[in-house]
Amino acid sequence: MRMNKDFFKKDSREVAFALLESNIVREVGNEMFSLEVNEVEIYEGFKDKASHAYKGKRGRNKVMFEEGGVLYVYLVYGIHSILNVVTDKKDYPAAVLIRGAGKFSGPGRLTKALGISTLLNRKEVGKESGLWFERNRRAGKIRMVPRVGIHYAEEWKEASLRFIKE
DNA sequence: AGTAGGATCGCG
DNA sequence: GCGATCCTACTG
């Protein structure tokens, strides 16, 4: 079943697990993709040095402070669009990064395959944006390991906030 | 206006 | 393990 915007107004861990029990569905033009989400990462709160929100609300990270259920899509390395779903309540910065789905591994390759760009930034999950999630199975076993590409994050490098479906 | 650095990728 | 790559956000 499709998860509506309200579903995401809760703790990011809960959302992360739910996403691993879901398909990401992308509808663009007359094309439709539905892929099993198999890898996510959490960026949450004011203390997480890996999070864009660590230094406070500004610039691109504004979206992370919105109420759960909107998309946070930004560009890294000038090339790759990275897809996150904002979670939790208003004014509390939190998001789940979608790293892999179906056969696509790596957040940049996934967004490329699904035609996801920064145009989707701040849009709500749902039919209208052409991007939503459908919970359709039990997650099974999940491995929790440190996140990727955050060498600058000091002690937060070690936090097991990357969830991989086995 | 200039610049440093990056929630990656792909090749070794 | 490391270099390419180029946009963005921050600085001055």
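Only heavy atoms go into these numbers, but all of them, side chains included; no hydrogens, no water, no symmetry mates. Residue numbering restarts at 1 for every chain, and letters A, B, ... go by the order of the sequence lines.
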Task: Closest heavy-atom pair and its distance - A:Val125, A:Asn4 - done: CG2-C, 4.5 Å
Task: Spacing of A:Lys55 atom NZ relative to C:dA9 atom C1', expressed in whole Å - done: 11 Å
TODO: Would you mind reading off the distance between A:Leu75 atom CG and B:dC9 atom P, rounded to a whole angstrom?
DONE: 12 Å
Task: Length of the line joining A:Asn84:CG and B:dA7:P, which is rounded to integer Å - done: 11 Å
Open item on the list: Rounded to whole Å, how long is the line connecting atom CZ of A:Arg147 with atom C1' of B:dG6?
Closed with: 15 Å
Task: Shortest non-hydrogen separation from A:Ser22 to A:Asn136 and the atoms involved - done: CA-OD1, 4.0 Å
Open item on the list: So, does A:Arg60 get its side chain near the phosphate of B:dG6, meaning an N or O under 4.0 Å from OP1 or OP2?
Closed with: no
TODO: Kindly point out which of B:dA7, C:dT8, B:dT8 is positioned nearest to the side chain of A:Tyr77?
DONE: B:dT8
Open item on the list: Counting only heavy atoms from other residues, nucleotides and ligands, does the tally under 6.0 Å from CZ of A:Arg13 exceed 12?
Closed with: no
Task: Whole angstrom value for the distance that separates C1' of B:dA7 from NZ of A:Lys157 - done: 15 Å
- [ ] For the pair A:Tyr72 and A:His52, name the ring-plane relationship: parallel under 30°, tilted 30 to 60°, perpendicular over 60°.
- [x] perpendicular
Open item on the list: Rounding to an integer number of Å, can you tell me how far A:Leu97 CG sits from B:dG6 P?
Closed with: 16 Å
- [ ] Look at A:Arg162 and B:dA7 and indicate whether a side-chain polar atom (N or O) is within less than 4.0 Å of OP1 or OP2.
- [x] no
Task: NZ/NE/NH1/NH2 to OD/OE distance under 4.0 Å, A:Arg162 and A:Glu39 - done: yes
Task: Residue A:Arg99, side-chain heavy atoms: nucleotide from B:dG10, C:dT8, B:dT8 that is nearest - done: B:dT8
Task: Is_stacked (A:Tyr43, B:dA7) at 5.5 Å, 30 deg - done: yes
Open item on the list: Is the phosphate of C:dA9 approached by A:Tyr74 (side-chain N or O, under 4.0 Å from OP1 or OP2)?
Closed with: no
TODO: Starting at atom OH of A:Tyr54, determine the distance to atom C1' of C:dC10, rounded to an integer number of angstrom.
DONE: 17 Å
Open item on the list: Taking Watson-Crick (N1-N3 plus N6-O4 or O6-N4) and G-U wobble (N1-O2, O6-N3), each under 3.5 Å, can you produce the dot-bracket string of DNA chain B? Use [ ] for crossing pairs and | for inter-strand ones.
Closed with: ||||||.||||.
Open item on the list: Could you tell me how far apart A:Ile79 (CD1) and B:dT8 (P) are, to the nearest whole angstrom?
Closed with: 12 Å
Open item on the list: I'd like the C1' distance from C:dC2 over to B:dG5, given in whole Å.
Closed with: 16 Å
TODO: Determine whether the aromatic ring centres of A:Phe163 and A:Phe17 lie less than 6.0 Å apart.
DONE: yes
Task: Option from A:Lys9, A:Arg2, A:Lys10 for which salt bridge (Lys or Arg N to Asp or Glu O under 4.0 Å) with A:Asp6 holds - done: A:Lys9
